[in-house]
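Beneath this line is the structure, given in structure tokens, with notes to follow.
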Amino acid sequence: GAVVSQHPSRVICKSGTSVKIECRSLDFQATTMFWYRQFPKQSLMLMATSNEGSKATYEQGVEKDKFLINHASLTLSTLTVTSAHPEDSSFYICSARAGGRDTEAFFGQGTRLTVV
Amino acid sequence: EDKVVQSPLSLVVHEGDTVTLNCSYEVTNFRSLLWYKQEKKAPTFLFMLTSSGIEKKSGRLSSILDKKELFSILNITATQTGDSAVYLCAEGGYNTDKLIFGTGTRLQVFP
């Protein structure tokens, strides 16, 4: 199947700093990528849809200014958690579809963010 | 609002048992239902279902969709400890690229 690479896999940062997470589609082009957040023992919560060359579409309740998304090319989307706080500590996962809506979504390895 | 609900939330079985995981959905413009297995990190794809009544199989896993009753089941026969994971189902709509995930079922298989 298609490969989605996410980096870093784990990051620890201090409160108040910003953290950037990268999501790359390695063997296909993805005009759309998705960012999810997952708390322990809970399901994936969609945060935003990242669109290449345009603004991201955020889900209700997700702060646009806090979770900055940039989709600068067909193979790269980035999520920046700005002014991180301990409550932002979570598992962040990106996904992308290699084709249209009839194809499955492939996931990156996820990034475990710990804010201390 | 689109919604996906899975049951049970957790399940503990012994190796060799057969399990059935349930996924019900309430969506407008349903297009597809997907099953994923999540162990420690990112979910891995299992099945995508778009048509009612057609079973998809992969080894000991199988899944079927009922579009009239709005649910899907995932069966695992002769379970093994390696089947221990969270199983997620997700629905995709016609008018959107995004997937809405269910709550997940945590399966634990003991020797």
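Residue numbers start from 1 in every chain, and the chains themselves are labelled A, B, ... in the order their sequence lines are given, proteins ahead of strands.
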- Query: Do Leu46(B) and Leu49(B) share a hydrophobic cluster (ILVMFWY, side-chain heavy atoms under 4.5 Å, transitive)?
  - Reply: yes
- Message: Test of understanding: clusters of I, L, V, M, F, W, Y form through side-chain heavy atoms closer than 4.5 Å, transitively. Do Ile69(A) and Val19(A) belong to the same one?
- Response: yes
- Item | Max heavy-atom pair count under 4.5 Å with chain B, selected residue of Ala105(A), Gly110(A), Gly108(A) | Ala105(A)
- Tell me, for Leu99(B) versus chain A, whether the close heavy atoms (under 4.5 Å) come from the side chain, the backbone, both or neither. both
- Query: Parallel, tilted or perpendicular for Phe101(B) and Phe107(A), by the 30°/60° rule?
  - Reply: perpendicular
- Query: For Ile93(A), is it the side chain, the backbone, both, or neither that has a heavy atom closer than 4.5 Å to a heavy atom of chain B?
  - Reply: side chain
Taking 3.5 Å as the threshold, show me the donor-acceptor pairs across chain A and chain B, one per line with distances to 0.1 Å.
{"from": "Tyr36(A)", "atom 1": "OH", "to": "Leu99(B)", "atom 2": "O", "distance (Å)": "3.3"}
{"from": "Gln38(A)", "atom 1": "OE1", "to": "Gln38(B)", "atom 2": "NE2", "distance (Å)": "2.8"}
{"from": "Gln38(A)", "atom 1": "NE2", "to": "Gln38(B)", "atom 2": "OE1", "distance (Å)": "2.9"}
{"from": "Ser43(A)", "atom 1": "OG", "to": "Gly102(B)", "atom 2": "O", "distance (Å)": "2.2"}
{"from": "Glu59(A)", "atom 1": "OE1", "to": "Lys98(B)", "atom 2": "NZ", "distance (Å)": "3.1"}
{"from": "Glu59(A)", "atom 1": "OE2", "to": "Lys98(B)", "atom 2": "NZ", "distance (Å)": "3.0"}
{"from": "Arg97(A)", "atom 1": "NH1", "to": "Asp97(B)", "atom 2": "O", "distance (Å)": "2.7"}
{"from": "Arg101(A)", "atom 1": "NE", "to": "Thr96(B)", "atom 2": "O", "distance (Å)": "3.2"}
{"from": "Arg101(A)", "atom 1": "NE", "to": "Asp97(B)", "atom 2": "OD1", "distance (Å)": "3.0"}
{"from": "Arg101(A)", "atom 1": "NH1", "to": "Tyr94(B)", "atom 2": "O", "distance (Å)": "2.4"}
{"from": "Asp102(A)", "atom 1": "OD1", "to": "Arg31(B)", "atom 2": "NE", "distance (Å)": "2.8"}
{"from": "Asp102(A)", "atom 1": "OD1", "to": "Arg31(B)", "atom 2": "NH2", "distance (Å)": "3.1"}
{"from": "Asp102(A)", "atom 1": "OD2", "to": "Arg31(B)", "atom 2": "NH2", "distance (Å)": "3.0"}
{"from": "Ala105(A)", "atom 1": "N", "to": "Tyr36(B)", "atom 2": "OH", "distance (Å)": "3.1"}
{"from": "Ala105(A)", "atom 1": "O", "to": "Tyr36(B)", "atom 2": "OH", "distance (Å)": "2.7"}

- Are Ile73(B) and Val109(B) joined in one hydrophobic group, where the rule is that I, L, V, M, F, W and Y side chains link up if heavy atoms are under 4.5 Å apart? no
- Query: When clusters are formed by joining ILVMFWY residues with side-chain heavy atoms under 4.5 Å apart, either directly or through shared neighbours, do Ile21(A) and Phe67(A) land in the same one?
  - Reply: yes
- Message: Let me check something: do Leu65(B) and Leu61(B) share a hydrophobic cluster, defined by ILVMFWY side-chain heavy atoms less than 4.5 Å apart, either directly or through other members?
- Response: yes
